[in-house]
Structure formats: structure tokens, C-alpha cells
Amino acid sequence: MRIGIVALQGDVDLHEKAIKRFKKDIEVVRVKDAKDLEGTKLLIFPGGESPTMSKLIKRFNLKDALLKKITEDKVPTLATCAGIVLLSKLEKKDGRVEPFEILDVTLVRNGFGRQKESFEDEINVKFDDKEGVVTGVFIRAPRIKEVGERATPVAFLKDEIVGVIQDNIIALTFHPELADDTDIIYEKLFSLSD
Amino acid sequence: MLTGTHRAKVGFAEMLKGGVIMDVTTPEQAKIAEDAGAVAVMALERVPADIRKEGGVARMADPEIILRIMDAVTIPVMAKVRIGHFAEAQILEELGVDFIDESEVLTPADEEFHINKFDFKVPFVCGARDLGEALRRIGEGAALIRTKGEAGTGNVVEAVRHMRKIQSQIKKIVMLREDELMTEAKKLGAPFELVKYVHENGKLPVPNFAAGGIATPADAALMMQLGAESVFVGSGIFKSSDPDRMAKAIVDAVAYYDNPKVLARISRGLGEAMKGVDVTKLKEDELLQTRGW
């Protein structure tokens, strides 16, 4: 199985490591060009700096190819931190990031504060078929302000929504790739391809 | 809820991979850096080339300048403290900077002891010329290592030397027998547990970036191909003739470091790179890389 990780910037290495830990015999492709997406059956948008990623997507004309993969081919897609920013709507538009706005979620960047406020805490994950508790590592994380009808909340920090599922997309404001107790998320991701 | 954990610190360094961290001295420069696609800016009063030229004691920047830069951009803001000056670090942590660089570019405050970086919630980056130095800094709590290179020269030769040295020392440790590791740790002057980590994993336990003398997209691509995971650019951008274009080109070069076709396109017509200094012409006491140990 070919898995694409958008590799313009960010924690690509950790995503590769995490997904290989979960599933053997997969081939990981680092996506920097539209042709890298050929044959990929699953897509990951890593964490990193969303303004940097957004600018590179624009300068290297990757938006259409990425959108096609997610919305037409409907490959299972995991978006974390900067990844969820790229797919959602921003509460305040400011030109630094031009998100795809395909996820029915409105958020603010760095909504929990600067790096010294970065934290880890227990997250309750509730998919329709399975529930569990995972470690959520939040690094200058975005904060979800509103979830629309098309998206379903699946991850909770106490009462606050920190992750959603919408069709073939799982999008989280934290980093499952930074913890080793997050298999439930990868199980769900791969089940979306069945 | 836990803040300031080692995982959150090193995790943040992982998020900066494949990016460019740019030295800036004003909010306007910080905006140019952000618009170009920098993953972070380093807030300074003077870039290293000017520190080198003007001499005197180089200290932590005025908090006023740092705060104005923090207000101007949404990307992370780093700032430098003198080696061993933990009071400057306490001030930067209080201001809310996202990363502290305990840097040889500033005049050292302590010639014997570096800062105990575990005392802080904010992560630290430190410079290194070889593996022993890198592992000592990690042993003190650094969440990120960069080559020292020779800052403010626009000459990449020292960064290349330091990156190659670290990479070849890592390869050597991987090949050693387990019963040889303690002696190697003694030779390197590095903590045994960290030498063992390198032996088992073939890499440092934290990300490894390049810094010191990077002035062009080609320099950035060279460092990435030699194993750097991101690039710090100090004087190279705002001492070039067209900072905006140079900044964008270096960001693109780091993302596409292994694609000569892209590198050739983005390197065209960038104007003049910073003038630069022949490192071999510097006197021993003019070198910044020998500060710290």
C-alpha cells in the first residue's frame, strides 16, 4: 500500500515512523509534486507551520492535485495540527494561510497560546464503532471554535472538541504521531479505506 | 495538563523540520520573513555580520524589540542568550519567546558552565562543532542542535565541516561493538546513555539543523543534502541586495533541496548575496565557533 505524506515542511519523519509502527508492508512517498500522489491510497498532512506550507502549496501549484485526491478520489486522509488548519476555515482570515476550507470546522491558529503553553493531556476518542483514551500532545495548537453539520466530533479534551471526522478525513489539533498509545486513530484511518 | 515536557519541547523542534529560521532585527523584517515562508524568526538587535564588525559585548536583545517582533508575526519567535546566562533566559521565557538559542554569537557570560536547560519550560537550541559537544548540550536539556559554522561570514565552509564531522561520528558509533561504547563516550566527553542512543538509532535524540554562514539557496540545499533537517540563516538574507527574493528562494531550496531542476530555477537573478568573509583570514580571537565547549 502506497501512503503519501505531504512533505513540504514539518514533522514528516515522525508520521512515517508512527504509520510504519502501526502497519508493516507499506510504502511511504514524500509528496512534494503532483506526480508523487500517483497510486497513493492514503494521505497525511503533518504538523509544522501552516503559513509555510500554504505558501509552498501556492508557489508550487499543488492545491488542485491535493484537493482532487481528497474530495474526488476520497482517499483516507489524516490531518494533524497545521494539517487541520490547511483543510478548515479560519475564524479570522489574514492572508498568511489560504486554507482549502473543505472541512466543516472553524478554528483559530495558536489558539492555546505560545510554545510555553504547549501541553499534553488525556484525550477521549469516540468513533462510532470504538472508544478509547490517548495522549494528546498539543504544540502551539490550533483551537476549534465551531463544528458544522458535515463534520462529527471524535476527540475531546474534557468537553472541548479537538478532533473531527468528515467522510474520508480525520482531522486533529494534536499530534498522534508524538505519542505511542494512539493506535485507535490509525485503526480508524485504515478502516476508512476498506 | 502538563506543560514544558521534554516531548513537547523536542516535538516542537520536529515541527520546524524542513524549514528556514531567519534572523531579523525589526518587525518589518520579521514580516518579510513570514511572507517568504520562514518557519520561525530569530529576534536580534544586530545580525551576526554587524556584531562581528562592531565588536564590543554582544548581549540578549532589548525585550522591547523582541516583543514588537512577536506582535508582528504569527510564526514562532526565537531569541538568543549568552552562553551560561540563565538570567537572560529567565527573562526571555517570561516574555514568551518560543525557543531560546544559547548562542556563541553573543559574548559568553560563563566560560565554564552552560545553562541547565531542564530548568525551563521553553525549549533551547545550542550550537555544536562535533558529536561530543552536541551530546553534552542535549545532556543539559537542549531540544535542538545546530552546527555552529562561523556566523556572520556568509561562508558555509565551517558549517559543512561541522555537519560532516557530526554525521561521520554518528556512523562510527553505529558500527562500534556495544562493549566499545563506554570508551567512546569517554573520548567524546559525552553522556554514555546518549552515546548508546546514537548507537541504537543512528541519529541524535533531537533534530539536527544547520547554521553559520549559509547565504544562498545552494548553500541551504548543500546543508540539507549533508544531513541537516532545517536551516538557520543569519546575515544571509538581510545583507543581500534583495532580501525578499533571497528569503523566498532559500525557503523553496530547503523544501526542494534534492531537486536540482527547482534549485536551478529559483537561484536565477537573485541579485547579490551577502559579501562574506574568508574564514581562513580571521584571527583565532575573531572566531565565534570556539566559544562554548
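In the text below, chain A, chain B and the rest are named by the order of the sequence lines, each starting its count at 1.
Within a 6.0 Å sphere centred on OH of B:Tyr256, heavy atoms belonging to other residues, nucleotides or ligands number more than 12. A 6.0 Å sphere centred on NZ of A:Lys74 holds more than 12 heavy atoms belonging to other residues, nucleotides or ligands. In the displayed structure, B:Lys203 atom NZ is contacted under 6.0 Å by more than 12 heavy atoms of other residues, nucleotides or ligands. For A:Glu27, the CD atom is densely surrounded, since the number of other residues' heavy atoms within 6.0 Å is greater than 12. Residue A:Glu101 qualifies as enclosed at atom CD: its count of foreign heavy atoms under 6.0 Å is above 12. When the shell of 6.0 Å around CZ of B:Arg164 is examined, it contains 12 or fewer heavy atoms from other residues, nucleotides or ligands.
B:Ala13 does not touch chain A: none of its heavy atoms, backbone or side chain, sits under 4.5 Å away. If you measure heavy-atom distances from B:Ala40 to chain A, you find no contacts under 4.5 Å at all. Looking at A:Ala82, neither its backbone nor its side chain comes within 4.5 Å of chain B, counting heavy atoms on both sides. Within the 4.5 angstrom heavy-atom criterion, only side-chain atoms of A:Leu56, from C-beta onward, approach chain B. Contacts between B:Val10 and chain A at a heavy-atom distance below 4.5 Å are absent for every atom of the residue.
Your options are A:Arg96, A:Lys55, A:Lys116, and the one with the most heavy-atom pairs under 4.5 Å with chain B is A:Arg96. Between chain A and the residues B:Thr5, B:Val39, B:Val254, B:Val97, the largest count of heavy-atom pairs under 4.5 Å involves B:Val39. In terms of non-hydrogen atom pairs under 4.5 Å with chain B, the most contact-rich of A:Gly47, A:Ser54, A:Gly10 is A:Gly10. Among A:Leu14, A:Leu157, A:Val137, the residue making the largest number of heavy-atom pairs under 4.5 Å with chain B is A:Leu14. Most heavy-atom pairs under 4.5 Å with chain A: of the set B:Val73, B:Val20, B:Val122, B:Ile75, this distinction falls to B:Ile75. Interface check for chain B: of the options A:Met53, A:Glu49, A:Glu120, the most heavy-atom pairs under 4.5 Å are formed by A:Glu120.
A donor-acceptor pair is defined here as one N or O able to donate and one able to accept, closer than 3.5 Å; no such pair exists between the side chain of B:Thr3 and the backbone of A:Glu117. In this structure a side-chain-to-backbone donor-acceptor pair under 3.5 Å is present from A:Lys32 to B:Ala255.
Of all heavy-atom pairs between A:Arg140 and B:Thr74, the closest is NH2-O, 2.8 Å. Heavy atoms only, all atoms of each residue included: B:Leu16 and A:Gln9 are closest at C-NE2, 3.5 Å. In terms of heavy atoms, B:Asp35 sits closest to A:Arg59 at O-NH1, 4.2 Å.
Rounding to the nearest 0.5 angstrom, the gap separating the CE atom in B:Met15 from the OG1 atom in A:Thr52 is 13.5 Å.
A:Thr135 has its side chain within reach of B:Arg7: a pair of non-hydrogen atoms, C-beta onward, lies under 4.5 Å apart. For the pair B:Phe99 and A:Gln115, the minimum side-chain heavy-atom distance is 4.5 Å or more. A heavy-atom distance below 4.5 Å is found between the side chains of B:Met70 and A:Arg114. Between B:Glu14 and A:Glu177, every side-chain heavy-atom pair lies at or beyond the 4.5 Å cut-off.
Inspection of non-hydrogen atoms places B:Glu229 of residues 215-230 of chain B under 4.5 Å from chain A.
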